[in-house]
K.L.:
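Before I ask anything, here is the structure I am working with.
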Amino acid sequence: MRARFAPSPTGYLHVGSARTALFNWLAVRNAGGELVLRSDDTDRERGSEEYYRDVIDGLRWLGLDWDEGIEVGGPHGSYRQSERLTRYGEVAEELRKAGSAYLCFCTPDELSARRDEARAAGRPPGYDGRCRTIEPTAASERRDSGEAAVLRLAIPRPGETVFEDIVRGEVAFDHANVEDFVLMRSNGSPTYHLASTIDDVDFAITHVIRGEDLLSSTPKHILIALAMGAEPPQYAHLSLLMGPDGKKLSKRHGDTALHAYRAGGFLPEAFVNYVALLGWNFGDDESVFTRDEMVARFDLSDVQKNPAIFDNEKLEWMNGVYIRDLAFDDFLARTEPLLEADLGRPLEDAERDAYREIAPLIQERMRLLTEAPEQARFLLVDEVSYDPASWEKVMTKPDSRRAVEAATTRLEAVEEWATDPIEGTLREMLAELQLNARKGLQPLRVAATGSSVSPPLFESLAALGREASLKRLRGVLERL
RNA sequence: GCCCCCAUCGUCCAGAGGCCUAGGACGCCGCCCUUUCAAGGCGGAAACGGGGAUUCGAAUUCCCCUGGGGGCACCA
């Protein structure tokens with residue numbers, strides 16, 4: 001099996017393309033075949049190097065490797081279409097000479113006028129084929145004398161293209177609905193249909209796995225391959241990803257660029273696991289599984305035919321599962337840089353130690369890596385800023401001042417500043433003041449961390465250190 | 001307008017004629033645990049779009065309708 005992922009660098013890699021890439025990768029790895037990465041960059045107006053890099057970075061981040069193609073090379077020469085233009089020209093000329101394609105001199109204005117006409121009359125809006133009857137030699141002469149011409153494929157008429165789609169089963173298109181489409185533009189550049197199909201043939205691609213948006217273009221690609229004398233590959237058309245409103249996933253639904261998920265604190269493993277579930281299932285009612293397990297069980301023919309809605313909630317849940325699963329060192333390696341970015345400076349040794357003390361507790365309660373700075377910030381700043389809602393909710397209660405006062409006095413006397421002694425001391429305080437934990441401890445939490453939501457209190461105080469903890473308690477006393 | 005694809009809880013998937021009083025996961029709602037928040041445990045609400053046909057028997061097969069999606073460029 002040889003499959004390919006062929007993004008066009010006209011935008012950032014978005015989650016829909018990432019899923020297509022993943023399914024290609026899974027199919028290939030399951031079959032022990034090769035994955036080719038090429039760049040369909042024939043659109044030089046919209047393409048850019050920045051997008052090209054973004055696609056590659058995105059695939060690498062997801063851990064989807066390829067065996068051949070851009071960046072890694074391979075036996076088929078350049079894998080960027082912009083560098084294969086002469087090849088496309090050669091094939092186009094061969095097709096024309098063989099009579100499979102013909103020159104067309106209709107102007108864009110004429111074409112769109114006729115298209116509107118046909119649409120209004122309820123006929124298929126495709127090109128009507130009028131230049132097809134022009135004598136080939138006469139046509140070449142007109143072109144050679146400078147008249148603008150495009151090259152069109154002469155679709156067999158009457159006719160029909162039927163193929164067996166791996167996910168959809170048999171699909172048939174009557175050629176009455178397939179126009180004699182353009183192969184070469186009047187400026188001599190190939191269209192997507194031509195370039196892409198030639199590449200698939202030249203690179204010996206056996207399986208084309210792509211989005212359903214290309215389903216109705218498939219007869220065109222099959223017909224080109226056939227005209228080239230090649231055997232068309234097998235096709236698998238994946239349903240599209242939708243936004244929460246059931247419409248095709250797009251910028252309207254927020255940032256759909258893959259890099260936004262990376263920046264948003266998602267783990268690539270979680271992202272891959274979640275996306276694999278969109279249109280496929282692992283079996284056994286399991287939804288969390290490793291990459292190896294996924295590869296072992298993946299089968300294109302099990303892929304769902306209907307479109308799936310991308311559910312950020314479930315992705316976040318899964319991300320939390322993966323975060324909790326991270327080895328501690330790995331967790332630190334992934335979150336400490338975020339803390340430093342948040343602080344705008346490197347962590348000092350003492351801060352690093354403090355963070356590592358409560359990091360296990362933070363790890364348990366995160367869904368996104370980006371929450372680490374929020375949870376640990378109280379350890380790393382001199383002055384906490386009090387969350388207004390938390391202050392209002394907790395500090396305005398009648399017992400708050402007593403609790404903070406009593407806690408301050410008692411904590412000052414704690415000999416060993418560690419979780420257990422702190423807890424012991426504070427529990428005594430609760431008993432003495434006859435306060436329950438909610439009333440007596442929440443004020444301390446807000447005082448120490450600035451928020452009513454934080455890692456567990458005793459550990460937080462221990463990690464904060466005696467001086468800083470007491471300073472914050474006293475500071476609160478002044479405000480109460 | 002024309003062509004193609006699709007149709008099970010709010011969402012993602014199980015279900016390939018009787019095992020279905022339709023199963024799991026996310027989310028949601030209770031309860032438990034608990035110093036907050038999470039995590040975890042237990043329980044709950046929640047779906048086969050409609051109509052025909054085939055069959056002793058349809059979520060599962062066929063047809064129609066409806067609904068949703070995609071495509072119809074000298075874009076990819």
Side-chain angles (χ1 to χ4, degrees), chain A residues 6-11 40-43 45-47 104 106-108 111-112 115 118-127 148-152 165 167-168 171-174 176-179 181-187 189 191-193 195-196 211-219 237 239-240 242 244 246-248 274 277-288 304-318 320-321 324 361-362 364-367 375 390 394 423 426-427 430 436-442 444-446 449 451-458 460:
Chain A
S8 115
T10 52
D40 282 12
D41 58 353
T42 51
D43 187 346
E45 315 248 308
R46 294 192 296 148
C104 165
C106 299
T107 67
L111 293 171
S112 68
R115 188 157 40 235
R119 206 180 284 235
R123 284 179 280 119
Y127 175 65
V150 298
L151 185 73
R152 291 181 182 273
D165 190 280
V167 341
R168 272 149 223 285
V171 182
F173 288 87
D174 189 319
N177 297 305
V178 184
E179 65 171 337
F181 60 98
V182 174
L183 259 18
M184 292 291 279
R185 304 189 184 97
S186 54
N187 68 5
S189 68
T191 60
Y192 163 76
H193 299 303
S196 171
E212 192 194 351
D213 50 339
L214 270 328
L215 184 59
S216 44
S217 297
T218 304
H237 287 94
S239 61
L240 269 14
M242 303 294 170
K247 301 291 182 195
K248 187 176 176 180
Y274 172 69
L277 251 16
L278 261 24
W280 182 72
N281 79 89
F282 185 68
D284 296 344
D285 282 339
E286 290 298 324
S287 51
V288 180
Q304 193 85 12
K305 292 192 272 272
N306 48 335
I309 290 174
F310 193 88
D311 179 10
N312 256 301
E313 291 275 351
K314 190 165 182 176
L315 206 210
E316 285 191 18
W317 162 78
M318 186 163 286
V321 171
R324 271 171 252 125
L361 301 170
I362 290 179
E364 277 174 25
R365 53 207 84 211
M366 275 186 2
R367 282 159 92 92
Q375 298 239 22
S390 297
V394 175
E423 173 165 7
L426 292 178
R427 292 223 181 265
L430 290 178
N436 64 25
R438 179 182 294 275
K439 285 180 180 167
L441 264 25
Q442 276 301 81
L444 309 183
R445 180 189 306 282
V446 174
T449 71
S451 169
S452 59
V453 176
S454 82
L457 180 63
F458 311 129
S460 294

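Proteins get letters first, then strands, A, B, ... in listed order; numbering begins at 1 in each. The structure displayed is predicted, hence computed values, not measured ones.
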K.L.:
Just by modelled atom types, is the A/E313 backbone N or O under 3.5 Å from a matching donor or acceptor in the A/D311 side chain?
P.N.:
yes
K.L.:
Rounded to whole angstroms, how far apart are CD1 on A/I309 and C1' on B/rC13?
P.N.:
13 Å
K.L.:
Write down the distance separating the P atoms in B/rA59 and B/rC20, rounded off to the nearest Å.
P.N.:
13 Å
K.L.:
Of the candidate nucleotides B/rA25, B/rG71, B/rG23, which contains the atom at the shortest distance from the side chain of A/D285?
P.N.:
B/rG23
K.L.:
Give me the atom names and distance for the closest heavy-atom approach of A/I309 to A/L278.
P.N.:
O-CD1, 4.3 Å
K.L.:
Compare side-chain N and O positions of A/N281 against OP1 and OP2 of B/rA14 and report whether any pair is under 4.0 Å apart.
P.N.:
yes
K.L.:
Select from A/S216 and A/D284 the residue whose nearest nucleotide in RNA chain B is closer to the 5' end of that strand.
P.N.:
A/D284
K.L.:
Would you indicate what A/S452 reaches in the nucleic acid, counting non-hydrogen atoms under 4.0 angstrom: base, sugar-phosphate, or nothing?
P.N.:
base
K.L.:
Using both distances under 3.5 Å as the test, list the Watson-Crick or G-U wobble partner of B/rG43, or none.
P.N.:
B/rC29
K.L.:
In whole angstroms, how far is the P atom of B/rC26 from the OH atom of A/Y274?
P.N.:
13 Å
K.L.:
Determine whether any donor atom in the side chain of A/S186 lies under 3.5 Å from an acceptor atom in the base of B/rC74, or the reverse, and answer yes or no.
P.N.:
yes
K.L.:
Given B/rU36, is OP1 or OP2 found less than 4.0 Å from the side-chain N or O atoms of A/S451?
P.N.:
no
K.L.:
Looking at the base of B/rU35, is there any donor atom on it, or on the side chain of A/R445, that sits under 3.5 Å from an acceptor on the other one?
P.N.:
yes
K.L.:
Do A/Q442 and A/S452 have side chains that get closer than 4.5 Å, going by heavy atoms?
P.N.:
yes
K.L.:
Rounding to an integer number of Å, can you tell me how far A/F458 CZ sits from B/rU36 C1'?
P.N.:
11 Å
K.L.:
Can you check the A/I362 CD1 to B/rA39 C1' distance for me, whole Å?
P.N.:
15 Å
K.L.:
Please report the distance separating the P of B/rU36 from the corresponding atom of B/rC32, rounded so that it comes out in whole Å.
P.N.:
13 Å
K.L.:
Using purine N1 to pyrimidine N3 plus N6-O4 or O6-N4 for Watson-Crick, or N1-O2 and O6-N3 for G-U wobble, each under 3.5 Å, what pairs with B/rU21?
P.N.:
none
K.L.:
Could you please name the partner base of B/rC2, counting Watson-Crick and G-U wobble pairs only when both distances are under 3.5 Å?
P.N.:
B/rG71
K.L.:
Of all the heavy-atom pairs spanning A/S287 and A/L277, show the shortest one and how long it is.
P.N.:
O-CD2, 3.4 Å
K.L.:
Using whole Å, what does the distance between atom P of nucleotide B/rU34 and atom CG of A/L361 come to?
P.N.:
17 Å
K.L.:
Could you check whether A/P244 gets within reach of a base, just the sugar-phosphate, or nothing at all, counting any heavy atom under 4.0 Å?
P.N.:
nothing
K.L.:
What interatomic distance, in whole Å, is found between P of B/rC29 and the corresponding atom of B/rA39?
P.N.:
13 Å
K.L.:
Applying a 4.0 Å non-hydrogen cut-off, can you work out what A/L278 is touching in the nucleic acid: base, sugar-phosphate, or nothing?
P.N.:
sugar-phosphate
K.L.:
For the base of B/rA7, is there a side-chain donor-acceptor partner from A/K305 under 3.5 Å away?
P.N.:
no
K.L.:
Is the distance from OP1 or OP2 of B/rC4 to the nearest side-chain N or O of A/R168 less than 4.0 Å?
P.N.:
no
K.L.:
Grab the CZ-P distance between A/F173 and B/rC5 for me, whole Å please.
P.N.:
7 Å
K.L.:
Mind checking if A/E212 touches a base, just sugar-phosphate, or nothing, with heavy atoms under 4.0 Å?
P.N.:
base
K.L.:
Any chance the rings of A/Y274 and A/F310 have centres within less than 6.0 Å?
P.N.:
yes
K.L.:
Please find the pair of heavy atoms, one from A/E179 and one from A/R152, that lie closest to each other, and give the distance.
P.N.:
OE1-NH1, 4.4 Å
K.L.:
Output the single nucleotide from B/rC72, B/rC26, B/rC4 whose closest atom is nearest the side chain of A/D311.
P.N.:
B/rC26
K.L.:
How would you label the contact of A/M184 with the nucleic acid (heavy atoms, under 4.0 Å): base, sugar-phosphate, or nothing?
P.N.:
nothing
K.L.:
Once you apply a heavy-atom cut-off of 4.0 Å, does A/L444 come out as touching a base, just sugar-phosphate, or nothing?
P.N.:
nothing
K.L.:
Mind checking A/A121 for me? I need base, sugar-phosphate or nothing, with any heavy atom below 4.0 Å counting as a touch.
P.N.:
nothing
K.L.:
Taking all non-hydrogen atoms of both residues, which atom of A/S451 and which atom of A/R445 are closest, and how far apart?
P.N.:
O-CG, 3.5 Å
K.L.:
Want to settle it: does A/S217 or A/R365 sit nearer the 5' end of RNA chain B, counting the closest nucleotide to each?
P.N.:
A/R365
K.L.:
Measure from the side chain of A/P456, starting at C-beta and using heavy atoms only, and say which of B/rC26, B/rU36, B/rC74 lies closest.
P.N.:
B/rU36
K.L.:
Expressed as a whole number of Å, how far does the C1' atom of B/rG27 sit from that of B/rA73?
P.N.:
42 Å
K.L.:
For atom P, what is the distance between B/rG43 and B/rG52, given to the nearest Å?
P.N.:
40 Å
K.L.:
When rounded to the nearest Å, what value does the distance between C1' atoms of B/rG51 and B/rC31 take?
P.N.:
44 Å
K.L.:
Go ahead and name the base partner of B/rC48; Watson-Crick or wobble counts if both distances stay under 3.5 Å, otherwise write none.
P.N.:
none
K.L.:
Counting any heavy atom closer than 4.0 Å, what does A/V182 reach on the DNA or RNA strands: base, sugar-phosphate only, or nothing?
P.N.:
sugar-phosphate
K.L.:
Could you tell me how far B/rA45 sits from B/rC19 if I compare only their C1' atoms? Round to whole Å.
P.N.:
26 Å
K.L.:
For atom P, what is the distance between B/rC33 and B/rG69, given to the nearest Å?
P.N.:
48 Å
K.L.:
May I ask you to say what A/Q304 touches in the nucleic acid, namely base, sugar-phosphate or nothing, with a heavy-atom cut-off under 4.0 Å?
P.N.:
sugar-phosphate
K.L.:
For the residue pair A/S8 and A/T10, confirm or rule out a side-chain donor-acceptor distance under 3.5 Å.
P.N.:
yes
K.L.:
Return no unless some side-chain N or O of A/R115 is found under 4.0 Å from OP1 or OP2 of B/rG1.
P.N.:
no
K.L.:
Measure CG/A/L214 against C1'/B/rG70 and give the value in whole Å, please.
P.N.:
10 Å
K.L.:
Please state how far atom CG in A/N306 lies from atom C1' in B/rA47, giving the value in whole angstrom units.
P.N.:
14 Å
K.L.:
With a 4.0 Å cut-off on heavy atoms, is A/G279 in touch with a base, just the backbone sugar-phosphate, or nothing at all?
P.N.:
sugar-phosphate
K.L.:
Just to be sure I understand the rule, does A/T10 reach a base, reach only the sugar-phosphate, or reach nothing, if contact means heavy atoms closer than 4.0 Å?
P.N.:
nothing
K.L.:
Which heavy atom of A/P219 sits nearest a heavy atom of A/L215, and at what distance?
P.N.:
CD-O, 3.8 Å
K.L.:
So, OP1 or OP2 of B/rC26: does either fall under 4.0 Å of a side-chain N or O from A/R367?
P.N.:
no
K.L.:
Could you please name the option among B/rA38, B/rC72, B/rG23 that lies closest to any side-chain atom of A/E364?
P.N.:
B/rA38
K.L.:
Counting any heavy atom closer than 4.0 Å, what does A/H193 reach on the DNA or RNA strands: base, sugar-phosphate only, or nothing?
P.N.:
base
